[in-house]
**Q** 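The structure is given below, and queries will be raised subsequently.
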There are 2 protein chains.
Amino acid sequence: MVSAAKRSEMSKDTLLPAMADHVLAHGLSQASLRPLAKSAGTSDRMLIYHFGNKEKLIAELLDYLAEKYAAALDQGFGDGLPMTRKECVQRILSQSAKPDMQPFMALWWEIVAGCARGIAGYGEAAQAMTEKLLSWLEAHMPADDPDPQGGARYLLTLVEGSQMLSAVRQTRLAREGLVASTL
Amino acid sequence: MVSAAKRSEMSKDTLLPAMADHVLAHGLSQASLRPLAKSAGTSDRMLIYHFGNKEKLIAELLDYLAEKYAAALDQGFGDGLPMTRKECVQRILSQSAKPDMQPFMALWWEIVAGCARGIAGYGEAAQAMTEKLLSWLEAHMPADDPDPQGGARYLLTLVEGSQMLSAVRQTRLAREGLVASTL
DNA sequence: GGTAAAATGTAGCACTCGCTACATACCAAA
DNA sequence: TTTGGTATGTAGCGAGTGCTACATTTTACC
C-alpha cells in the first residue's frame, strides 16, 4: 500500500464537514445515521463510536454549522460599513438571497420550527445563532447611527420578517413591505 | 343493537377535526398514519380509504387548519379597528402570544421550514395562508391610515419577524425591536 | 516482535413507516 | 333474494430507523 496511514484520518474533524454538507442539502429532520455515514464515507456503527449517540452528533453538527454560517455572512457582506440603515438591510438581504446561502436559510427555518415545537437542543442552537447575528448586526450598523443597539434590534426584526416572506416565495411582498417601511 | 347507523358517522368531516388536534399537538412531520388514525378513533387502513393516500390527507388537513387559524385570529382581535399602526401590531402580537395560538405558531414555522426546503404541498399552503393573513391585515388597518396596502405589507414583515424572535425565545429582543421601530 | 487499543465489517434486534391484500360485514336498491 | 357499493378488521410487505454484539483487521507503542 502506498498510503498506510489513511485510516486514522477519520475523526470528528473530518466527519463533521461532510455531514454538514449532507444536512445542508437534505435537511436536519431527515438526517438519519446511515445516510449521514454514507455521506462521510463511513458507517452508522462508526458514527455512534465517535459521537456516542445521535443526539450528541446532531448537537456537535449544529455547532459546526453555526460557525460555518457566521463565516459565510462575514465573507459576503462586503467591505466597510453601510451609509444608511436601508443600505444595511439591503446588503444583508441580497447576501442571504445568494444561492450559496439558500441551504443555510432552509436549515435556519428548520431550527426555528424545532424550537417552536420545543425539541431539545434546538432552543440553545437558535438562541446562540440569534445572539451572534445580533451582535454582528450591531457592529455593522452605519457609523453615524443615532441608536445602534436599538436600531440593530429593529433591523433584525425587519430582516427576519422579510426572509420569512422570501422563504414562502413571497419575495414581491417582502420587497413591498420594505418599501413601505419608514427606513 | 340500539344504534344501528353508527357506522356511517365516520367521514372526512368528523376525521379532520380530530386529526387537526393531533397535528397541532405533535407536529406535522411526525404525523404518521397510525397515530393520526388512533387520534381519530379509526385505523390507518380507513384513512387511506377516505383520503386516497397520505399526501392528499395532509393537503386536506392543511386546508382545514388554515380555516381554523383564520377563525381564531378573527375571534381574538377584538372589536373595532385599531387607532394606530402600533396598536394594530400590538393587538396581533398579543393575540398570537396567547397559549391557544402557540400550536398554530409551531405549525406555521414547520410549514415555513418545509417550504424553504421545497417540499411539495407546503409552498401552496404557505402562500395561501400568507395571502389570507395579508388581506385580513389590510382590512384591519387603522381607518385613517394613509397607505393601508403598503402599510399592511410593512406590518406583516414586522409581525412575522417579531414572531420568529418569539419562537426562538427571544421575546425581549422582539419587544426591543418594535420599540426601536419607527411605528 | 508482541500486544493492547482503536477502527471496521457483518449481522442483527425490535421498532415504525406508508400502503396493500383479503375477508368480511352492513345496508339499500333491484 | 340477489347484487353492489360502503365500511371495517387483520395481517402482512418491504423499507428504513437507532443501536448493539461479535469477530476481525489495522495501528501505535513498548
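Chain letters run A, B, ... following the sequence lines, proteins first and then strands; every chain starts at 1.
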**Q** Is any side-chain N or O of B:Arg34 under 3.5 Å from a base N or O of C:dG18, one able to act as donor and the other as acceptor?
**A**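 Yes, a donor-acceptor pair under 3.5 Å.
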
**Q** Side chain of B:His50, heavy atoms from C-beta onward: which of D:dA7, C:dC17, C:dA6 has the nearest atom to it?
**A**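 So the nucleotide nearest the side chain must be D:dA7.
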
**Q** Mind listing the closest non-hydrogen atom pair of A:Arg85 and A:Leu155 along with its distance?
**A** O-CD1, 4.0 Å

**Q** Taking atom P of D:dT17 as reference, at what distance in whole Å does atom NE2 of A:His26 sit?
**A** 13 Å

**Q** Decide yes or no, distance alone: a donor-acceptor N/O pair under 3.5 angstrom between the base of C:dC19 and the side-chain of B:Asn53.
**A** no

**Q** Which nucleotide in the set C:dG18, D:dA21, C:dA6 lies at the smallest distance from any side-chain heavy atom of A:Arg45?
**A** D:dA21

**Q** Return the orientation label for the B:Phe77 and B:Trp136 ring planes: parallel under 30°, perpendicular over 60°, tilted otherwise.
**A**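 Ring orientation, 0 to 90° scale: perpendicular.
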
**Q** Please state how far atom CG in A:Leu47 lies from atom P in D:dT20, giving the value in whole angstrom units.
**A** 13 Å

**Q** Judged by each residue's nearest nucleotide on DNA chain D, which is more toward the 5′ side, A:Gly52 or A:Gln30?
**A** A:Gln30

**Q** Let me know the distance between NZ of A:Lys38 and P of D:dT17, rounded to the nearest Å.
**A** 11 Å

**Q** Taking the minimum atom-to-atom distance to the side chain of A:Met46, which one of D:dT17, C:dA7, C:dT20 wins?
**A**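 Shortest atom-to-atom distance from the side chain points to C:dA7.
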
**Q** When the distance from CG of B:Leu33 to P of C:dC17 is rounded to whole Å, what number comes out?
**A** 8 Å

**Q** Calculate the interatomic distance between B:Ile48 atom CD1 and D:dA7 atom P; express it in whole Å.
**A**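 From B:Ile48 CD1 to D:dA7 P: 15 Å.
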
**Q** Minimum heavy-atom separation for A:Ala40 to A:Met19, with atom names?
**A**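 Here A:Ala40 and A:Met19 meet closest at CB-CG, 4.1 Å.
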
**Q** Could you state the CG-P distance from B:Asp44 to C:dC17, rounded to the nearest angstrom?
**A**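 It works out to 10 Å between those atoms.
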
**Q** Counting only heavy atoms not in B:Glu55 (residues, nucleotides, ligands), do more than 12 fall under 6.0 Å from its CD?
**A** no

**Q** Side chain of A:Pro35: nearest nucleotide among D:dT17, D:dC19, D:dT8?
**A**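 The listed nucleotide nearest to A:Pro35's side chain is D:dT17.
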
**Q** Closest heavy-atom contact between A:Glu110 and A:Tyr122?
**A**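 Shortest heavy-atom separation between A:Glu110 and A:Tyr122 comes out as O-CE2, 3.9 Å.
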
**Q** Side-chain N or O of A:Ser32 less than 4.0 angstrom from OP1 or OP2 on D:dG16?
**A**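 Looking at the OP1 and OP2 atoms of D:dG16, neither is under 4.0 Å from any side-chain N or O of A:Ser32.
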
**Q** To the nearest angstrom, how far is A:Lys54 atom NZ from D:dT20 atom P?
**A**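 Rounded to whole Å, this separation is 14 Å.
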
**Q** Calculate the interatomic distance between B:Lys56 atom NZ and C:dC19 atom P; express it in whole Å.
**A**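 Atom-to-atom, B:Lys56 to C:dC19, this comes out as 10 Å.
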
